[in-house]
Student: 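Would you mind keeping the following structure in view while I ask a few things?
We count residues from 1, following the sequence as given.
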Amino acid sequence: MRGLSYILLMISCLFFAKTAQCQVVRDSVRIYFRQGFSILDSSIGDNQAELNRIADSLATSYADSVYQLKNIVVIGGASPEGSIQLNKRLSERRANVLFDYLSRYGSLSANNKNFVYLGRDWQGLLNLVKADDKIPYKDEVVALIEDIIITQDNSTQISHDGHNRLLSLRDGEPYRYMYRVLFPKLRASHIVLSYNKILNINKYQS
């Protein structure tokens with residue numbers, strides 16, 4: 001079904017090739033959650049402003065007939081503490097709750113959506129660590145997280161020791177900093193909307 005929709009959209013673009021062209025427009029929003037929860041909380045950070053912005057865009061700008069929804073990617077993540085099973089469920093719920101919320105404001109077809117459930121977001125943590133020069137023993141933390149990611153990618157078994165290794169590094173000093181400063185940024189759901197915008201060429205040539 002998704003393939004058929006894509007083909008029809010491309011045919012539409014080709015049909016209007018002499019008078020219009022397709023331009024891909026992307027919009028995204030990231031919403032943060034409290035530790036252990038998947039309830040949308042507008043009091044956290046810029047959540048309310050971001051929810052208002054994307055909801056308004058869906059209800060007005062992207063409701064315009066010149067925008068045709070191409071793809072939706074919904075990503076749910078969690079911080080490393082807590083069990084692997086709990087974090088997997090949290091990442092799923094966080095992704096779904098954001099999608100369901102935004103579906104009230106615009107036509108988000110199930111045929112166009114792709115869900116990504118990160119569970120423990122090690123790659124996200126690595127990116128945050130690399131960007132933060134205040135973290136204690138930064139080089140050692142980067143090396144350890146990179147090793148955790150490699151071990152996780154190469155293993156067929158679910159491993160619980162990545163969190164424990166991070167917790168025990170340098171008597172927990174880097175971990176305490178990350179828990180306070182970086183972990184809250186991983187408790188998030190991120191949605192990326194891609195639209196094909198049909199541009200009227202004649203409008204700009206007249």
Student: Would Leu40 and Asn47 count as a side chain to side chain contact (heavy atoms under 4.5 Å, CB included) if you check the C-alpha gap in whole Å, the side-chain angles of each, and the deciding distance to 0.1 Å?
Tutor: CA-CA 8 Å; Leu40 282 179; Asn47 277 4; 5.8 Å; no

Student: If every non-hydrogen atom of Ser28 is compared with every non-hydrogen atom of His190, which pair is closest and at what distance?
Tutor: CB-NE2, 3.6 Å

Student: More than 12 foreign heavy atoms under 6.0 Å from CZ of Phe37: is that the case here?
Tutor: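 Open: at most 12 neighbouring heavy atoms sit under 6.0 Å from CZ of Phe37.
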
Student: My understanding is that only residues two or more places apart in sequence, or in another chain, count here; which of them pass side chain to side chain contact (heavy atoms under 4.5 Å, CB included) with Asp41?
Tutor: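 With sequence neighbours excluded, Asp41 shows a side chain to side chain contact (heavy atoms under 4.5 Å, CB included) to Arg34, Ser43, Ile44, given in chain and number order.
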
Student: Please tell me if the side chains of Leu51 and Leu98 come closer than 4.5 Å, counting only heavy atoms from C-beta onward.
Tutor: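 The answer is yes; the side chains approach within 4.5 Å.
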
Student: Are Asp121 and Lys185 close enough, and set up right, to give a salt bridge (Lys or Arg N to Asp or Glu O under 4.0 Å), and what steps lead you there?
Tutor: CA-CA 10 Å; Asp121 187 4; Lys185 299 176 183 179; over 6 Å; no

Student: Which word best sums up how the rings of Tyr62 and Tyr67 line up, parallel for under 30°, tilted for 30 to 60°, or perpendicular for over 60°?
Tutor: perpendicular

Student: Dump the intermediate steps for side chain to side chain contact (heavy atoms under 4.5 Å, CB included) on Val181 and Lys134, then the final yes or no.
Tutor: CA-CA 10 Å; Val181 178; Lys134 295 182 180 180; over 6 Å; no

Student: Looking only at heavy atoms, which two atoms of Ser42 and Gln48 are closest? And how far apart?
Tutor: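 Heavy-atom minimum between the residues: CB-OE1, 2.7 Å.
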
Student: Is it the case that atom CG in Asn52 sees more than 12 heavy atoms from other parts of the structure closer than 6.0 Å?
Tutor: yes

Student: Given side chains that start at C-beta, do those of Phe183 and Leu125 come closer than 4.5 Å, heavy atoms only?
Tutor: yes

Student: Can you name the nearest heavy-atom pair linking Pro80 to Leu186, along with the distance?
Tutor: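 Closest approach of Pro80 to Leu186: CD-CD1, 3.9 Å.
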
Student: Taking C-beta and beyond as the side chain, do Asp27 and Ser57 meet within less than 4.5 Å on heavy atoms?
Tutor: yes

Student: Could you pull out the closest heavy-atom pair between Val73 and Val116, with the gap in Å?
Tutor: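 The pair with the smallest heavy-atom distance is CG1-CG2, 4.3 Å.
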
Student: Please check if the side chain of Asn96 supplies one atom and the backbone of Glu92 the other of a donor-acceptor pair under 3.5 Å.
Tutor: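 Checked: pair present.
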
Student: Lys130 and Lys138: which non-hydrogen atoms are nearest, and at how many Å?
Tutor: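 Looks like O-NZ, 2.8 Å.
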
Student: Go through the steps to decide whether Tyr137 and Tyr175 satisfy the test ring-ring contact (aromatic ring centres under 6.0 Å, His included), and finish with yes or no.
Tutor: CA-CA 10 Å; Tyr137 307 103; Tyr175 183 92; over 10 Å; no

Student: Ignoring hydrogens, what is the shortest heavy-atom contact between Tyr195 and Leu193? Give both atom names and the distance.
Tutor: CE1-CB, 3.7 Å

Student: For the residue pair Glu50 / Tyr32, report whether a side-chain donor-acceptor contact shorter than 3.5 Å exists.
Tutor: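 Side chains of Tyr32 and Glu50: no pair found under 3.5 Å.
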
Student: Would you mind reporting whether Thr151 and Asp161 have side-chain heavy atoms less than 4.5 Å apart?
Tutor: no

Student: Can you tell me if Asp171 uses its side chain to pair, donor with acceptor, with the backbone of Glu173 under 3.5 Å?
Tutor: no

Student: Applying side chain to side chain contact (heavy atoms under 4.5 Å, CB included), name anything that partners Ser91, two or more places apart in sequence or on another chain.
Tutor: Tyr117

Student: Tell me, yes or no, whether the heavy-atom count around Arg26 atom CZ, taken from other residues, nucleotides or ligands under 6.0 Å, exceeds 12.
Tutor: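 No.
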
Student: Decide if atom NZ of Lys88 counts as having more than 12 heavy atoms of other residues, nucleotides or ligands within a radius under 6.0 Å.
Tutor: no

Student: Are Leu166 and Trp122 close enough, and set up right, to give a side chain to side chain contact (heavy atoms under 4.5 Å, CB included), and what steps lead you there?
Tutor: CA-CA 11 Å; Leu166 192 63; Trp122 289 113; 3.9 Å; yes

Student: If two hydrophobic side chains count as joined below 4.5 Å and joins carry through other members, does Val74 share a cluster with Val192?
Tutor: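 Different clusters: Val74 never reaches Val192 through Ile, Leu, Val, Met, Phe, Trp or Tyr contacts under 4.5 Å.
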
